[in-house]
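For clarity, every value in this text was computed on a predicted model and none was experimentally measured.
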Amino acid sequence: MLQISVLKEQTARVLAGLAKRNFKTAEADVQAILDLDQRRRALQTQHDAAQAEANELARQIGGLMQMSKNRTLDAFTENKEKADALKLRTAELKTQIKAHADELAAAEQQQTQLLYKIPNIPHESVPTGRSADDNEVVREGGTKPELAAGALPHWELIKKYDIIDFELGIKITGAGFPVYKGQGARLQRALVNFFLDQARDAGYTEVQPPILVNEASGYGTGQLPDKEGQMYHDAQDNLYLIPTSEVPITNLYRDEIIPADKLPVRNTGYTPCFRREAGSWGADVRGLNRLHQFDKVEIVQITQPENSYAAHETMVAHVEQLLQLLKLPYRVLRLCGGDMGFTSALTYDLEVWSAAQGRWLEVSSVSNFETFQANRLKCRYRGEGGKTQLLHTLNGSALALPRIVAALLENNQTPDGIRLPQVLHSYCGFDTIG
RNA sequence: AGAGAGGUGGCAGAGUGGUCGAAUGCGACGGAUUCGAAAUCCGUUAUACCUGCAAGGGUAUCGGGGGUUCGAAUCCCCCCCUCUCUGCCA
């Protein structure tokens, strides 16, 4: 959620940013928010004044009542009459206050609803564009392998080596919930450990958060409102299965004023992630390309505003290093305005080359949300003069497992099995699948 | 799941209708004392919003919402959460 002060003071920048996102109703919405804000403030002033008067009268009445004690009957009667006169005025005020409060609440609610509609303002480096086709390739790394004739896509390889079983998952749960078996299961565990160790070496503190979160957490990071349909929901207890550990790990800092010496916050965590993927279909979602449940190691940073873009670059570099260690060909994309997530100001996607499918697969998305999440989270620090200020939140996958596995399987297939990259050997306890 | 207790400032903890944003203690910060430190003493120490160039002023907040009242941390109603015991259980 954007800050009102930003809409007010940087209207032109906001409108230009929203245009980059092809946000059609920007001008009208921003104007409506500013109008509501003006109205809200006027109402607040009136309301406060009426309330102040009422408080003052109550004090006077209180004083009269106190004085009445230990007095003659005449004095008591006199004071009571005075008090009753004041009560007439407070009755009027009460009506006014009630009316103001209702209007105020309505204006605030309208304003919040509108603010929820407005996406984050893209960073100046974000390219214009409508779709994924307009994303900018920042750099590429690694070398695409030459596969022998008859190379198989990963959904064939997992059957050939019997390491991931979709049919079994369907039996016990449903489509998109694969069962990892034998070397497949061990590879999962190896990757999680490898990623966590790498993150720790890079200075991130490991946390293990719950994978069900309450509604407030959903609002905090922006999954709610509007994206309810993407999350599994336990209606009985009103809890959501997390779509990413960004949600619990970032919400650890909801409603916090973080002391300066604790900044920047750098956390990493492994969790399974759950996505309903309502409406997804087609060849692109075959095999491991899109699942309802998958494993992911996440990195999260919370920094002071002036440091967030430098931190962002280090996060991207960290993910790149992981891909280099895994010897996977990759590329780094800067997402265009039309393809960027609602809450992000700048997102780099990292994609790996899936050789048998002959396509790039997104394995990480590293975003700077600036104050967009922090504003909802009320995640602050003390800036100059002891004033509280919003922090910047960032997160990135480091990494999501299924597509990494897909690329590892496809790219490293040989007649003698799948040769895993060196770094995984000790983690797996084997060097070849097959 | 059943029974009971309880939710107050960074923490602990008082406060059962009036000047209470809230005693006291601890912690933290600033100062005095000291060669320095401990101890001691003095002071400061919540958040949000409105208003103001500022200094300041105002309003709200004692788990959340509603109600009674001139006036609510305090009384009433609903909801949420936590703890203890019993039950169940990795």
Side-chain angles (χ1 to χ4, degrees), chain A residues 1-9 33-71 76-112 115 208 210-220 224 233-240 251-263 272 371 374-391:
Chain A
M1 187 162 66
L2 291 171
Q3 300 166 81
I4 303 274
S5 59
V6 171
L7 295 187
K8 199 153 51 182
E9 288 153 24
I33 291 168
L34 293 179
D35 290 346
L36 276 165
D37 189 55
Q38 204 167 14
R39 183 174 152 67
R40 195 198 98 243
R41 288 184 0 249
L43 285 165
Q44 181 84 58
T45 307
Q46 291 174 37
H47 176 265
D48 285 359
Q51 189 69 58
E53 190 183 343
N55 286 346
E56 174 53 27
L57 290 175
R59 265 189 288 272
Q60 288 180 19
I61 293 168
L64 290 168
M65 301 302 213
Q66 291 293 325
M67 269 197 290
S68 300
K69 291 174 184 168
N70 309 319
R71 285 297 184 90
F76 176 82
T77 311
E78 193 188 326
N79 279 341
K80 185 161 188 324
E81 278 166 11
K82 281 187 192 163
D84 285 344
L86 293 177
K87 283 185 193 180
L88 287 177
R89 175 61 183 154
T90 57
E92 273 173 52
L93 284 170
K94 223 172 148 178
T95 320
Q96 269 184 39
I97 288 166
K98 175 89 177 100
H100 284 143
D102 289 348
E103 280 186 77
L104 194 56
E108 273 169 3
Q109 206 208 335
Q110 279 179 54
Q111 194 179 38
T112 306
L115 275 171
Q208 261 190 42
I211 58 177
L212 283 121
V213 292
N214 58 26
E215 208 170 54
S217 297
Y219 277 94
L224 297 174
H233 181 227
D234 166 26
Q236 202 168 5
D237 293 311
N238 194 25
L239 295 172
Y240 294 86
N251 271 282
L252 296 175
Y253 303 92
R254 172 154 48 82
D255 294 321
E256 295 286 339
I257 299 172
I258 304 177
D261 62 346
K262 296 278 192 294
L263 292 170
T371 60
N375 191 28
R376 281 208 209 172
L377 290 160
K378 299 205 178 16
C379 177
R380 295 153 294 167
Y381 73 109
R382 286 197 195 282
E384 277 175 52
K387 265 182 62 179
T388 60
Q389 280 184 42
L390 294 175
L391 287 157

- prompt: Can you tell me how far P in B:rG25 sits from the matching atom in B:rC77, rounded to whole Å?
  reply: 36 Å

query: Mind checking the P distance from B:rA39 to B:rU59? Whole angstroms is fine.
result: 41 Å

message: Any salt bridge linking A:K98 with A:D102? Criterion: basic side-chain nitrogen under 4.0 Å from a carboxylate oxygen.
response: yes

query: How close or far is atom P of B:rA48 from atom CD of A:Q44, stated in whole angstroms?
result: 15 Å

- request: Rounded off to whole Å, could you give me the NZ-to-P distance for the A:K87 and B:rC70 pair?
  value: 5 Å

task: Taking atom C1' in both B:rC88 and B:rA3, compute the distance separating them and give it to the nearest angstrom.
output: 16 Å

field: Phosphate OP1/OP2 of B:rU51: any A:R41 side-chain N/O under 4.0 Å
entry: yes

- request: With C1' as the reference atom in both, quote the distance from B:rC78 to B:rU24 in angstrom, rounded to an integer.
  value: 35 Å

- prompt: What interatomic distance, in whole Å, is found between C1' of B:rC62 and the corresponding atom of B:rG56?
  reply: 27 Å

task: Pick base, sugar-phosphate or nothing for A:R382, based on heavy-atom distances below 4.0 Å to the nucleic acid.
output: sugar-phosphate

statement: Rounded to whole Å, the CD1-C1' distance (A:I97 to B:rG71) equals 12 Å

- request: Under 4.0 Å between any heavy atoms, over every strand shown, what does A:R89 touch: base, sugar-phosphate, or nothing? Just pick one.
  value: nothing

- request: Heavy atoms only: give me the nearest A:R376-A:L224 pair and the separation to one decimal.
  value: NH1-O, 2.7 Å

field: Watson-Crick/G-U partner (both atom distances under 3.5 Å) of B:rA3
entry: B:rU84

message: Is it the case that over 12 heavy atoms from other parts of the model lie below 6.0 angstrom from the NZ atom of A:K8?
response: yes

message: In whole Å, I'd like the distance from the CG atom of A:D237 to the P atom of B:rU82.
response: 11 Å

message: For the backbone of A:L2 and the side chain of A:N375, can you confirm whether one donor and one acceptor N or O come within less than 3.5 Å of each other?
response: yes

task: Nearest-nucleotide wise, let me know which of A:I257 and A:E56 is further upstream toward the 5' end of RNA chain B.
output: A:I257

field: B:rA60 versus B:rC20 - spacing of their P atoms, nearest Å
entry: 15 Å

query: Reckon A:T388 has a side-chain N or O less than 4.0 Å from the OP1 or OP2 of B:rA48?
result: yes

message: Distance check, C1' atoms only: B:rA28 and B:rG10, in whole angstrom units.
response: 8 Å

statement: Any strand, both distances under 3.5 Å, Watson-Crick or G-U wobble: B:rG27 pairs with B:rU45

- prompt: Once you round it to whole Å, what is the distance between P of B:rG71 and CG of A:N55?
  reply: 10 Å

- prompt: Taking atom P of B:rA72 as reference, at what distance in whole Å does atom CD of A:Q51 sit?
  reply: 9 Å

- prompt: Do any side-chain nitrogens or oxygens of A:R59 fall under 4.0 Å of OP1 or OP2 in B:rG18?
  reply: no

- request: Just name whichever nucleotide pairs with B:rG56, Watson-Crick or G-U, keeping both distances under 3.5 Å, else none.
  value: B:rU51

task: Would you mind classifying the nucleic acid contact of A:L93 as base, sugar-phosphate or nothing, using non-hydrogen atoms under 4.0 angstrom?
output: nothing

- prompt: Is there a Watson-Crick or G-U wobble partner for B:rA39 with both distances under 3.5 Å, and which nucleotide is it?
  reply: none

task: Rounded to the nearest angstrom, tell me the gap between atom CG in A:L390 and atom C1' in B:rA48.
output: 12 Å

task: Please indicate whether A:Q389 has more than 12 foreign heavy atoms, meaning atoms of other residues, nucleotides or ligands, lying under 6.0 Å from its CD.
output: yes

message: When you compare the side chains of A:T45 and A:D48, does any donor N or O come within less than 3.5 Å of an acceptor on the partner?
response: no

- line: Ranking A:A49 and A:T90 by the position along RNA chain B of their nearest nucleotide, the one closer to 5' is A:A49

field: Rounded interatomic separation in angstrom, taking CD from A:E108 and P from B:rA60
entry: 15 Å

Watson-Crick or G-U wobble partner of B:rA72, both distances under 3.5 Å: none

task: Please state the P separation for the pair B:rG63 and B:rU69 - nearest whole angstrom.
output: 23 Å

Any strand: nucleotide that pairs with B:rG21 via Watson-Crick or wobble, under 3.5 Å: none

message: It should be established whether A:R380 places a side-chain nitrogen or oxygen under 4.0 Å from OP1 or OP2 of nucleotide B:rA48.
response: yes

message: Apply side chain to side chain donor-acceptor pair (under 3.5 Å) to residues A:R254 and A:S217 and explain how you reach the verdict.
response: CA-CA 8 Å; A:R254 172 154 48 82; A:S217 297; 2.9 Å; yes

